[in-house]
Amino acid sequence: MAIIVQKYGGTSVGNPERIKNVARRVLETQQAGNKVVVVVSAMSGVTDSLIKLSREVCPTPSEREMDVLLSTGEQTTIALLAMALQGLGAKAVSLTGAQAGIVTDGVHTKAKIFNITPKQIHTHLDGGSIVIVAGFQGQTSAGDITTLGRGGSDLTAIALAAALEADKCEICTDVDGVYTCDPRVVPDARKIDTISYEEMLEMASSGSKVMQSRSVEFANKFNVLFEVRSSFNQNPGTIVKAETPGMEDVVIRGVSIERNQAKVTIEGVPDKTGTAAKIFNALAAANVVVDVIVQTAPHEGMTDISFTTNKDELKKAEPVLKAVADEIGARGVTQTAGVAKLSVVGIGMRTHSGVAAKLFDVLAKGGYNIQMISTSEIKIAVILDEDRIADAAKAVHAGFGLAA
Ligand code: ASP
Ligand code: MG
C-alpha cells in the first residue's frame, strides 16, 4: 500500500465546513487504497490571534511559553479533523508533533527538526487508521514543546514524507499551484506543471510565497518530490522536484514581484576597507533585513552604497544608519519608499544568453526606469517604482512568452 502525506493549510481548515470537506477528501484518498497521513495547520487566523493574546498579558512573553501557546492552534485542528473523519465512519487518530516522534533542537519559536521516529504513526497506519499530525510543532529531547517558525506545517509535512519514505506528498492549499506570476497581478498567468526546488526557492525569496522556504530547502536536501495543489478542487497542481535536464529548455519559469520595498543610499562613503562591514554589521545588530545591495565605482575616494529593505524596516534602520554614517564619515543618508522588486527566475538562464538584455529591453520599451539590478545564477531582479509595478510585471510576463 502506498503511503500518502497530505498537508492542509489554515485556509483549507478555516471553518467547520472546510474541515468536513478535508475529511471527505482524506477519506477518499484512503478508500482509493492508500495509507494516509494528514498534516494540518491551525485554522486561519488562530496563530495570529494567539500571538495577539500573549501580548495582552505580557509585552515580552518567553519563547518557551509562546511555543506552548502556539502549538494549541494545530492541536485544535487535529482533534476536529479526527472527529469529522470519525463522523464519516472512518477510523482516524490525531497525534501531536511529540506523539508523532518529531524531535527538535531547543530554539523555541524557530526550532530545527533533529530527527523523526514515526513509530506511533506506523502502528496506527497498520491498524487501518488515518493519522492526523499537528503541523508546526515538535518537542526537544528533554520534552519541551517547540514550534518550527511561521508556516512550519509545510516543514512538518515534507519532513514526515521523508521519514516515512512516503510515495507521495501533497501540499494542499488555497491556490491551484505555483503560477508563472501572481494571477491577481497578471490575469493570464499560467499554472506551472513542474518546477525545480531552486526555482521555487528563488520565486519565494522574490515575493511569490506559496510555501515556507525552509520546507523547500528541506525537500531539496532530502530529495522529497511534492505537489502543491488546491484543497478545493481535483485539478492537478505543480510538481516540485530536483532539476532534470529538460527543465533547462524553458528560459524563464516565472516572474515575481515584491512590493513595499524601500531604497536606502549612504552617500559619499570613504572608499576604505571595512566601511561596508561597519554599515551592515550595524544593520544586522538592529535586526534589519537587507535585500539587494549595490556599491558604485569609487570616484575621488568616495562611493555610494545602496540597499533595499522592506519599507517597514525603515524606522528601525534610520537611527542606526545616522550613527554609522557619522562614524565612517559618510556624507549623508537618503531613503525612498515606494519601490518594488521584479524578478525573473529560471534555471534555463544558465544555458541561454541574452536574458538580461531581453528583460532590460522590455522594461525600456515600457518606459520603466531601472533603479537597481541584482543577479544570481538563476534570477535577475530589478528595483522599479512601485506605482507601475503591476504593469511592468504584465509586460515582462508577456515579453518572455509566459502568457497562457
Ligand atoms: N499555524 C502556523 C502559522 O500560522 C503554522 C502554519 O500555518 O504552517 O504560521
Ligand atoms: Mg499557514
Side-chain angles (χ1 to χ4, degrees), residues 3-13 37-42 44 47 67 70-71 73-74 77-78 95-97 100-105 107-116 118 121 131-139 146-179 192 194-231 237-243 253-254 256 345:
I3 298 182
I4 298 190
V5 174
Q6 288 183 334
K7 181 253 168 179
Y8 291 91
T11 316
S12 308
V13 293
V37 176
V38 188
V39 174
V40 286
S41 291
S44 54
T47 307
D67 279 352
L70 296 188
S71 64
E74 273 68 14
T77 323
I78 54 171
L95 298 177
T96 63
I102 299 172
V103 179
T104 72
D105 64 17
V107 185
H108 284 290
T109 76
K110 38 184 162 317
K112 283 205 174 68
I113 296 178
F114 265 158
N115 59 60
I116 302 184
I121 298 183
V131 180
I132 303 148
V133 179
F136 173 60
Q137 56 174 266
Q139 73 170 346
T146 50
T147 63
L148 308 175
R150 294 308 303 268
S153 300
D154 290 332
L155 183 58
T156 305
I158 301 282
L160 272 181
L164 295 164
E165 295 179 31
D167 298 271
K168 212 165 172 201
C169 179
E170 299 180 336
I171 304 294
C172 305
T173 178
D174 50 0
V175 291
D176 269 9
V178 183
Y179 276 73
I192 299 169
T194 313
I195 188 169
S196 72
Y197 298 123
E198 259 190 282
E199 289 169 326
M200 180 84 173
L201 282 166
E202 283 284 19
M203 297 275 284
S205 73
S206 313
S208 300
K209 199 120 199 103
V210 182
M211 274 176 77
Q212 186 209 36
S213 290
R214 259 178 79 186
S215 64
V216 182
E217 277 158 18
F218 190 101
N220 187 10
K221 195 159 157 201
F222 293 95
N223 202 14
V224 181
L225 181 150
F226 62 91
E227 179 176 0
V228 178
R229 59 185 303 183
S230 169
S231 307
T238 301
I239 303 282
V240 187
K241 60 174 200 170
E243 187 181 330
R253 189 78 55 201
S256 54
V345 173

Rounded distance [0.5 Å steps], CE in Met203 versus OG in Ser256: 5.5 Å
Whether the side chain of Asp154 engages the backbone of Gln212 through a donor-acceptor N/O pair (distance < 3.5 Å, no angle test) should be reported. yes
Thr156 side chain reached by Lys7 side chain, heavy atoms, under 4.5 Å: no
Heavy-atom check, side chain of Tyr179 versus side chain of Thr238, under 4.5 Å: no
Heavy-atom distance under 4.5 Å between the side chains of Val228 and Met200, does that happen here? yes
Got a donor-acceptor contact below 3.5 angstrom from the Glu243 side chain to the Ser196 backbone? no
Can you confirm whether Lys221 is buried at NZ, in the sense that more than 12 heavy atoms of other residues, nucleotides or ligands lie under 6.0 Å from that atom? no
Of all the heavy-atom pairs spanning Phe136 and Leu70, show the shortest one and how long it is. CE2-CB, 3.9 Å
When rounded to the nearest 0.5 angstrom, what distance separates OG in Ser12 from CG in Asp174? 6.0 Å
In terms of heavy-atom contacts, Ala162 and Phe218 come closest through CB-CE2, 4.3 Å
Within this structure, what is the CD1-CG distance for the pair Ile3 and Asp167, rounded to the nearest 0.5 Å? 6.5 Å
Can any side-chain N or O of Arg214 pair as donor or acceptor with the backbone N or O of Gly149 at less than 3.5 Å? no
List the atom of Glu199, the atom of Val345, and the distance in Å for their closest heavy-atom pair. O-CG1, 3.8 Å
Look only at the side chain of Ser231 and the backbone of Thr173, and say whether a donor-acceptor pair between them is shorter than 3.5 Å. yes
Hey, what do you get for CG (Leu155) to CD1 (Ile102), rounding to the nearest 0.5 Å? 8.5 Å
Quick one, Ser41 and Glu74 - any side-chain contact, counting heavy atoms below 4.5 Å? yes
Tightest non-hydrogen contact, residues Asn223 and Tyr197, listed as C-OH, 3.5 Å
Scan Val103, Leu148, Asp105 and name whichever one has a side-chain contact (heavy atoms from CB on, under 4.5 Å) with Ile113. Leu148
Derivation of the side chain to side chain contact (heavy atoms under 4.5 Å, CB included) call for Arg150 and Thr47: CA-CA 9 Å; Arg150 294 308 303 268; Thr47 307; 3.7 Å; yes
Taking all non-hydrogen atoms of both residues into account, name the closest pair between Val216 and Phe226 and its distance. CG2-CZ, 4.4 Å
Any heavy-atom pair between the side chains of Val240 and Ile171 that's under 4.5 Å? no
Search all heavy atoms of Val5 against all heavy atoms of Ala161 and return the closest pair with its distance. CG2-CA, 3.9 Å
Before giving the answer on side chain to side chain contact (heavy atoms under 4.5 Å, CB included), spell out for Leu160 and Ile121 the whole-Å C-alpha distance, their side-chain angles and the decisive distance to 0.1 Å. CA-CA 10 Å; Leu160 272 181; Ile121 298 183; 3.7 Å; yes
Could you verify whether a donor N or O on one side chain and an acceptor N or O on the other, from Asp67 and Thr147, lie under 3.5 Å apart? yes
d(Thr146 OG1, Lys110 NZ) to nearest 0.5 Å is 12.5 Å
If we only count heavy atoms from C-beta on, is the Leu95 to Ile78 side-chain gap below 4.5 Å? no
Spacing of Glu202 atom CD and Ser213 atom OG [to the nearest 0.5 Å]: 10.0 Å
Not counting sequence neighbours, which residues clear side chain to side chain contact (heavy atoms under 4.5 Å, CB included) with Thr77? List them please. Val13, Val40, Met43
Pairwise side-chain contact, Ile158 with Met211, heavy-atom cut-off 4.5 Å (strictly under): yes
Kindly write out the residues that satisfy side chain to side chain contact (heavy atoms under 4.5 Å, CB included) with Glu227, not counting sequence neighbours, or none if the list is empty. Lys168, Glu170, Arg229, Pro236, Ile239
